[in-house]
Amino acid sequence: MNAIKPLNLPLRQRKLLHILQNKKTYITGSELAKQLNVSSRTIRSDITFLNQSLKPFHAQILSERSKGYLFSAQNTEALQQMNQMNTVFSSKEERVRYLAFQLCLSDVPVNMYDLEDEMYVSHTTLENDLHLLKKLFVLNMPHIDLIQSKEYLEFESSERKRRMLLNRLFHEDWDYHSKGNAYYGYEFLNPDILNLIMHEVPLHLNRYSIHMEDTNLTALNLAIAIMYHRRLSGHPLPDTAPISEPDSAAMNAANDLMDALEQKLSCTFPLEERDEIYLHIASGRLMDASKLNFNTVNQYFDPATIQMTDAYLARILAYFQIDFSGDEDFYITLLQYIRYIQMPVHLYNTQGNMDIAKISFLAEFEIAYLFQDIALEYLGYYINESELLYLAYCICGALEYLFHHHPESKFRTVICSHLNLTAAWALKRRILGAFDNYLHITALLPVYARGSYDFHTTDLILTTVQKNITDNPNTDTIQITSFMVSSDYRKIEAYIQKKRIQSLCPVCAHTLWELLANAYWHENQKATTPFQVIESMAQDFIQNGLTNEHYLESILRRESISSFASHPGLLFLHSSVPSVRTQLSITTFQHHLNWKTHKIWIVVMAAFCPKDAALLFRLIYACHMDHYPVNLIKKLKTREDILEFFRNS
């Protein structure tokens, strides 16, 4: 007997089927259309599609004129099988988005048991989903309150917060590669209305020479579409006092745009709605970078933004001894970043895997996190993970500038090749074409000459042969092919990344092996929870008088903002709160510890004394690079195992 394929239905059709399954009498198409916020024609099309999908389950949706629709199933076992297979959602994140969407649109409290039935989840699963929902939307923007009374749930009645959340939900699943759609677009936003808005908006922005990033333009389009649909369904913004509109171009663009849409959509947009669109335009408007330099910043940025920027650069210099003050382009970009995060409406595109991004910016993310102290002092709150990531992008460009404008930091490189001169010379040109910012090629050396050449001033040898070129311990060797294939580029890129991070800590008083040898050790522990592990390991430093409770608070705060866990295997925890001396604590587990979505077998926690702060860069490279196979890491259970592993790494 062939297995029945599971139902793979879009969200609207899943919801339609759920309504019909739980209805014992006929329900009209107009009533279904009203519940799903679609047209009766859409309901008829969905019913036709559902009947085709339901045939393998010996079920169908009956249709009778003037009465409507009724779900019918011949075999209750098949019906049960269908419900088990139609799990509705493939991930916790998808369920949480659906919960948020339902709570945003509902005018009355939502019954938790109805949600469990609708999503085919247990009460425990729903509670866990609600915990994630609170973390995403209650503790973070838009900071909407979730009210729970017995078995009922509802969001606070703030229309502005509900719209902000709807915009975020749509935007997170926006497809930038197509004409444009959103995850819930077919359930709430009329595509014809959205397309009209997307056509109209650029016309009025261009008229006033207003340029916006893709992210902010998309958010503006969605905000207008959400505004239109919410007003149409009887959910206007409350009357408020007019806001200050110092940006005359943004004000004129907003009013002209609203006037045009009122005519095309046959509706009215009162002052409070227009003010909201003004805020989107004024907040997302790009500055004219050609007018910005060291001498003009006082004309375009307010004193608080300049103070925050200068304080942050001073913090980086004091903590890591990295001086970015001479990079004008970076300074201007950083000012614009800090100006933007203070705007009443600001949004960052968070599509993609955040873990991959954080691993790609190991050092940059650590420098970015130093901004949290500045944010708390000037803004009164910490910035979130997405905002930190975009600051890390900015830092990445600043580090590139340092390498490019400090040729003494380039790695002195010798190409040792068995090829004739022209081939070796061509190899040099290809290498410099890709890595000129990082490598200074000092010689093209025949292989036979390696014995007479002094490599003591050479950082790196690129050789086309498998022979040992030098025994100098301070010179690294990478074997490459004669033609520079893709794997050769990856080898050199990995080397440069390693050396770039290590160069941020030029004087190293400790080796990783020495720190491990003198660490606090907790071997073969039973896995508990991340919170308990953090608390237990932090006590090693606190109880021994190396630091204080602020150290533990700092790590817990960072974990809640942006988890330390970005890959499986080995996890590295640390804090900028100073320690009396630099010290590590190590915990290994009998079985893996689930941390976020990763399986962890070893946790390393570090506390740094102020003079060793930059040692962080060497340790994060040692603990986060992907050259440690997880299958090997999971076998390291004892102190001796780990010391032997890092002695040979």
Side-chain angles (χ1 to χ4, degrees), residues 10-15 36-38 42 88-107 129 132-133 136-138 140-144 146 155 158-202 205 212-233 235-237 257 261 265 269 273 276-277 279-281 283-284 343-352 354 384-386:
L11 183 58
R12 184 185 66 244
Q13 292 175 1
R14 293 171 180 172
K15 187 172 182 180
L36 296 176
N37 198 28
V38 297
T42 298
V88 181
F89 302 101
S90 61
S91 68
K92 174 187 285 190
E93 289 72 21
E94 191 175 329
R95 293 196 304 270
V96 168
R97 285 198 297 269
Y98 178 71
L99 284 170
F101 192 80
Q102 292 297 94
L103 290 167
C104 276
L105 296 184
S106 178
D107 296 329
D129 291 345
L132 178 57
L133 182 142
L136 291 175
F137 309 126
V138 177
N140 290 292
M141 290 294 293
H143 299 293
I144 189 167
L146 178 64
F155 276 148
S158 170
E159 176 63 17
R160 182 167 279 103
K161 288 185 179 181
R162 291 195 181 202
R163 290 191 193 184
M164 289 174 64
L165 181 47
L166 286 170
N167 199 316
R168 177 173 168 182
L169 293 171
F170 284 124
H171 192 273
E172 285 179 351
D173 291 284
W174 189 265
D175 185 357
Y176 282 93
H177 301 289
S178 71
K179 185 176 181 181
N181 61 69
Y183 181 82
Y184 296 108
Y186 48 78
E187 282 214 29
F188 179 69
L189 298 182
N190 184 315
D192 294 333
I193 299 295
L194 185 55
N195 286 335
L196 186 153
I197 292 168
M198 292 169 63
H199 176 267
E200 197 72 24
V201 166
L205 295 182
M212 303 179 75
E213 297 170 326
D214 289 332
T215 300
N216 288 310
L217 183 60
T218 299
L220 173 60
N221 291 330
L222 289 171
I224 297 171
I226 292 168
M227 173 185 68
Y228 171 77
H229 285 86
R230 291 295 284 173
R231 287 188 60 79
L232 204 64
S233 61
H235 299 89
L237 286 176
L257 175 59
L261 288 174
L265 298 175
F269 297 120
E273 301 285 4
E276 197 70 17
I277 299 309
L279 288 176
H280 273 275
I281 296 174
S283 298
M343 288 292 179
V345 179
H346 64 275
L347 181 69
Y348 285 99
N349 189 343
T350 57
Q351 293 188 350
M354 184 66 77
N384 63 35
E385 185 177 51
S386 295

So do [Y] and [X] actually touch side chain to side chain, heavy atoms under 4.5 Å?
X: Leu99; Y: Asp129; answer: yes
X: Leu205; Y: Leu217; answer: yes
X: Phe155; Y: Leu165; answer: yes
X: Ile226; Y: Phe170; answer: yes
X: Leu222; Y: Leu189; answer: yes
X: Arg97; Y: Glu172; answer: yes
X: Leu196; Y: His199; answer: no

**OP:** For Ser106 and Gln102, indicate whether the former's side chain and the latter's backbone hold a donor-acceptor pair under 3.5 Å.
**Re:**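 No; judged by distance alone, with no hydrogens or angles, the pair does not exist.
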Working to the nearest 0.5 Å, report the span between [atom1] of [X] and [atom2] of [Y].
X: Ser158; Y: Ile144; atom1: OG; atom2: CD1; result: 6.5 Å
X: Met227; Y: Asn167; atom1: CE; atom2: CG; result: 11.5 Å
X: Cys104; Y: Arg162; atom1: SG; atom2: CZ; result: 6.5 Å
X: Asn349; Y: Asp214; atom1: CG; atom2: CG; result: 8.5 Å
X: Asn140; Y: Glu385; atom1: CG; atom2: CD; result: 9.5 Å

**OP:** Go through the structure and list residues passing salt bridge (Lys or Arg N to Asp or Glu O under 4.0 Å) with Glu159, not counting sequence neighbours.
**Re:**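 Partners of Glu159 by the salt bridge (Lys or Arg N to Asp or Glu O under 4.0 Å) criterion, ordered by chain and then number, come out as Arg163, Arg230.
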Only counting residues at least two apart or in another chain, list the ones meeting side-chain contact (heavy atoms from CB on, under 4.5 Å) with [X].
X: Leu132; answer: Lys92, Glu93, Val96, Leu136
X: Met164; answer: Met141, Pro142, Arg160
X: Ile197; answer: Ile193, Val201, Asn221, Ile224, Ala225, Leu261
X: Pro236; answer: Arg231, Glu273

Shortest non-hydrogen separation from [X] to [Y] and the atoms involved:
X: Leu347; Y: Thr215; answer: O-CG2, 3.6 Å
X: Asp192; Y: Asn190; answer: N-OD1, 2.8 Å
X: Met354; Y: Ser386; answer: CE-OG, 4.0 Å
X: His171; Y: Ala219; answer: CD2-N, 4.1 Å
X: Ala100; Y: Leu133; answer: N-CD1, 3.8 Å
X: Phe137; Y: Leu169; answer: CZ-CD2, 4.0 Å

Subject >> Set of residues satisfying ring pair (Phe, Tyr, Trp, His ring centres under 6.0 Å) with respect to His229, sequence neighbours excluded >> reply: Phe188
